Amino acid sequence: MGNDNKIQGINRNLTSYGDTEFSKYMRRAFLSSAGFDRQDLDRPVIGIVDTSSDYNTCHRQMPEMVQAVKRGVLEAGGLPMAFPTISLHEILTSPTTMLFRNLAAMETEEMIRAQPMDAVVLLGGCDKTVPAQIMAAISADIPAISVVAGPMITGSWRGQRLGACTDCRRLWNMYRSGVLNDSEISEVEESLCFTGGTCMVMGTASTMACLVEALGLMLPGGATPPHASGDRLKNCVASGRLAVDLAAKGIRPKDILNRESFHNAITVLMALSGSTNAVVHLLAIAKRSGITLCLDDFDTVARKVPVLVDCKPAGSGYMEDLHHAGGLPVLLKALEPLLALDAMTITCKTIGELIEDTAQPGDWQTTIRTMDKPLKGTGSIAVLRGSLAPEGAVIKTAAATPALLQHQGPAVIFDSPEDAVRRIDDPGLKITPEHVMVLRNAGPVGAGMPEAGALPIPRYLAQKGITDMVRITDARMSGTAYGTIVLHCSPEAAVGGPLALVQDGDLIELDVECRRIDLMVDEKELERRKLEFRPKPLPPRGWLKLYAGHVEQAHLGADLDFL
Ligand code: FES
């Protein structure tokens with residue numbers, strides 16, 4: 001519809017007036033008011049997706065990044081045209097940005113389709129922005145290159161190096177258990193986010209940036225430069241230049257992506273001990289590309305890949321350490337025997353060609369480890385199945401307590417994130433460390449799948465020094481979080497999945513070694529409870545109604561079924 005690929009530049013995607021030449025003439029007339037002459041308008045047009053927003057501190061210096069991309073586009077002979085799209089900030093968006101990932105993907109796709117551009121530079125960063133933009137570019141089917149905001153620089157408090165948000169959680173837990181007082185937590189609050197940029201641990205933003213580089217949709221070395229660095233601006237300029245080249249060659253994401261690229265991305269995910277959210281996003285991105293990918297692919301790769309990157313929450317370092325250690329190119333070199341080296345990238349070189357001359361991780365640094373001296377063993381994320389998750393669930397074993405990976409205990413139920421907020425610290429619940437805390441009705445249909453899965457340890461247990469318990473949910477958890485938490489149980493409780501049938505006191509068994517999560521209640525009793533299940537009504541109007549009516553389950557990527 002109005003997207004004739006033979007037409008180039010400013011004459012693409014013409015406004016429909018029933019007179020093509022009139023549409024071109026009107027376009028030139030209005031662009032003249034912005035100072036563009038015919039010489040400008042003969043150039044290839046490079047759209048730049050600008051997700052600057054006062055609400056998005058992770059993108060604080062994005063206006064400067066946009067200018068840097070424009071410089072690269074102009075140097076290469078293109079005409080840069082920046083345009084705004086929805087900007088999603090994890091901390092300032094209610095109830096969860098996941099509810100809006102698909103909205104951002106739809107809006108970005110439609111704006112790419114509706115406006116004239118021969119290629120697009122996608123400026124994202126904060127968690128959902130990057131997968132949304134990649135999903136959009138795949139569906140819009142034009143040449144695209146991803147640029148991320150880059151991580152914050154670490155802060156410091158009383159000699160401790162701090163970063164958002166693994167340290168946010170660790171120190172908040174210390175406050176909840178009485179180790180830190182009010183004035184100390186206020187000081188911490190001012191030290192956690194030292195600069196603009198994305199969370200500087202291996203949370204979802206950092207993970208997705210690395211995976212997009214591994215997929216071949218970003219310039220080599222583009223995932224890790226900090227937001228405030230010159231390296232970040234150089235990446236912007238170089239990406240602007242490459243976008244003009246991509247426009248000339250007509251290379252689209254679908255020309256790059258195949259099963260091998262996803263194999264590489266999953267390999268990197270496991271070596272990073274990256275965010276479990278990446279599982280949902282990669283499934284959605286693969287589906288948009290027409291590539292078959294399922295949860296079992298993650299488990300298969302995970303069993304072969306050790307953790308090589310020492311970043312929080314699984315390790316102790318931060319993204320700037322990964323950058324200074326050489327970033328993704330050096331990690332890919334360390335992973336070379338496990339990668340599909342023929343996978344293509346937007347540079348028109350394969351991954352194998354890109355890392356041919358890259359050195360192995362140097363022994364002058366400890367952030368990127370080698371295969372013979374990994375940080376941790378294989379299986380950083382495991383896929384579980386069983387009577388509580390017939391379609392699958394995931395657990396980040398690398399951020400869990402080893403002793404809890406095999407556990408049996410009685411359930412204590414929270415019927416929604418709000419219910420957990422209300423009751424979790426109630427001593428009347430008599431929760432013990434052996435209990436399994438269940439949070440349900442927090443899946444895609446039930447609540448937009450918030451990052452509520454890392455339920456806090458009840459205050460009265462935290463004060464006794466308990467730092468981890470088994471938790472099970474259809475929600476997600478932040479990539480910066482840690483704990484023995486079974487996530488993304490599918491199908492979710494809101495559509496009648498087994499989590500909906502659990503009652504307080506039922507025995508639950510977790511066995512990560514056998515990849516099982518089971519409810520120890522007999523079939524007949526479950527059948528009886530199933531008959532009593534009544535789904536809650538869907539939201540009455542607007543985006544929430546469209547979303548809840550069409551979102552797919554987590555094991556399929558939680559995209560809308562018509563996208
Ligand atoms: Fe934006 Fe963490 S809040 S990346």
Side-chain angles (χ1 to χ4, degrees), residues 49-63 65 85-101 104 122-134 146-155 162-172 188-213 218 222-229 232 269 272-278 280-281 311-314 317-320 322-323 396 399 448-454 476-482:
V49 176
D50 179 359
T51 47
S52 305
S53 161
D54 285 350
Y55 288 103
N56 197 336
T57 58
C58 297
H59 297 186
R60 187 164 68 81
Q61 288 174 239
M62 194 164 279
M65 292 173 61
T85 62
I86 294 174
S87 188
L88 298 172
H89 187 265
E90 283 304 298
I91 313 298
L92 282 110
T93 308
S94 175
T96 168
T97 53
M98 189 61 187
L99 186 59
F100 305 108
R101 183 200 66 181
L122 307 159
L123 293 188
C126 195
D127 294 19
K128 308 304 176 295
T129 57
V130 173
Q133 291 178 340
I134 300 296
S146 172
V147 175
V148 291
M152 292 182 243
I153 303 279
T154 48
L162 291 191
C165 244
T166 305
D167 296 320
C168 311
R169 292 169 195 283
R170 179 175 61 80
L171 292 157
W172 184 252
V188 165
E189 194 177 291
E190 296 200 355
S191 312
L192 284 163
C193 302
F194 188 54
T195 64
T198 50
C199 292
M200 62 287 234
V201 297
M202 196 49 72
T204 305
S206 305
T207 303
M208 287 311 299
C210 293
L211 300 195
V212 172
E213 185 173 334
M218 181 186 283
T224 55
H227 190 53
S229 67
R232 173 53 59 204
L269 170 64
L272 296 171
S273 186
S275 166
T276 45
N277 290 327
V280 184
H281 298 322
C311 274
K312 291 186 175 190
Y318 296 89
M319 282 298 281
E320 68 204 63
L322 178 57
H323 181 60
K396 188 168 179 177
M449 217 182 174
E451 291 185 340
R476 299 174 299 119
M477 76 171 184
S478 164
T480 65
Y482 48 87

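Below, each value reflects all heavy atoms present in this structure, side chains not excepted, and no hydrogens, waters or symmetry copies. All of these numbers come straight from a predicted model, not from anything done at the bench. Atoms within each ligand, like the ligands themselves, are counted from 1 in listed order. All residue numbers refer to positions in the sequence shown, counting from 1.
- Every atom of ligand 1 is numbered from 1 in the order shown, and the set under 4.0 Å from a heavy atom of Ala205 is 4 (S).
- Atom numbering of ligand 1 starts at 1 in the shown order; those under 4.0 Å from a heavy atom of Thr198 are 4 (S).
- Side-chain atoms of His227 and Thr195 form no donor-acceptor pair, as typed in the model, at a separation below 3.5 Å.
- Taking backbone and side chain together, Cys199 holds no N, O or S atom under 2.8 Å from atom 1 (Fe) of ligand 1.
- The only option from Asp127, Val212, Ile134, Thr204 that meets the side-chain contact (heavy atoms from CB on, under 4.5 Å) definition with His281 turns out to be Thr204.
- Summarising the geometry, atom NE2 belonging to His89 is positioned 3.5 Å from atom SG belonging to Cys58; distances are rounded to the nearest 0.5 Å.
- Counting the atoms of ligand 1 from 1 in the order shown, those under 4.0 Å from a heavy atom of Cys58 are 1 (Fe), 3 (S), 4 (S).
- Judged by distance alone, the side chains of Lys128 and Thr97 do bring a donor and an acceptor atom under 3.5 Å apart.
- Within the 2.8 Å limit, Cys126 places at least one N, O or S atom next to atom 1 (Fe) of ligand 1.
- In this model, a donor atom of one side chain and an acceptor atom of the other lie less than 3.5 Å apart for Thr154 and Glu320.
- Listed by atom number, the atoms of ligand 1 under 4.0 Å from Glu90 heavy atoms are 3 (S).
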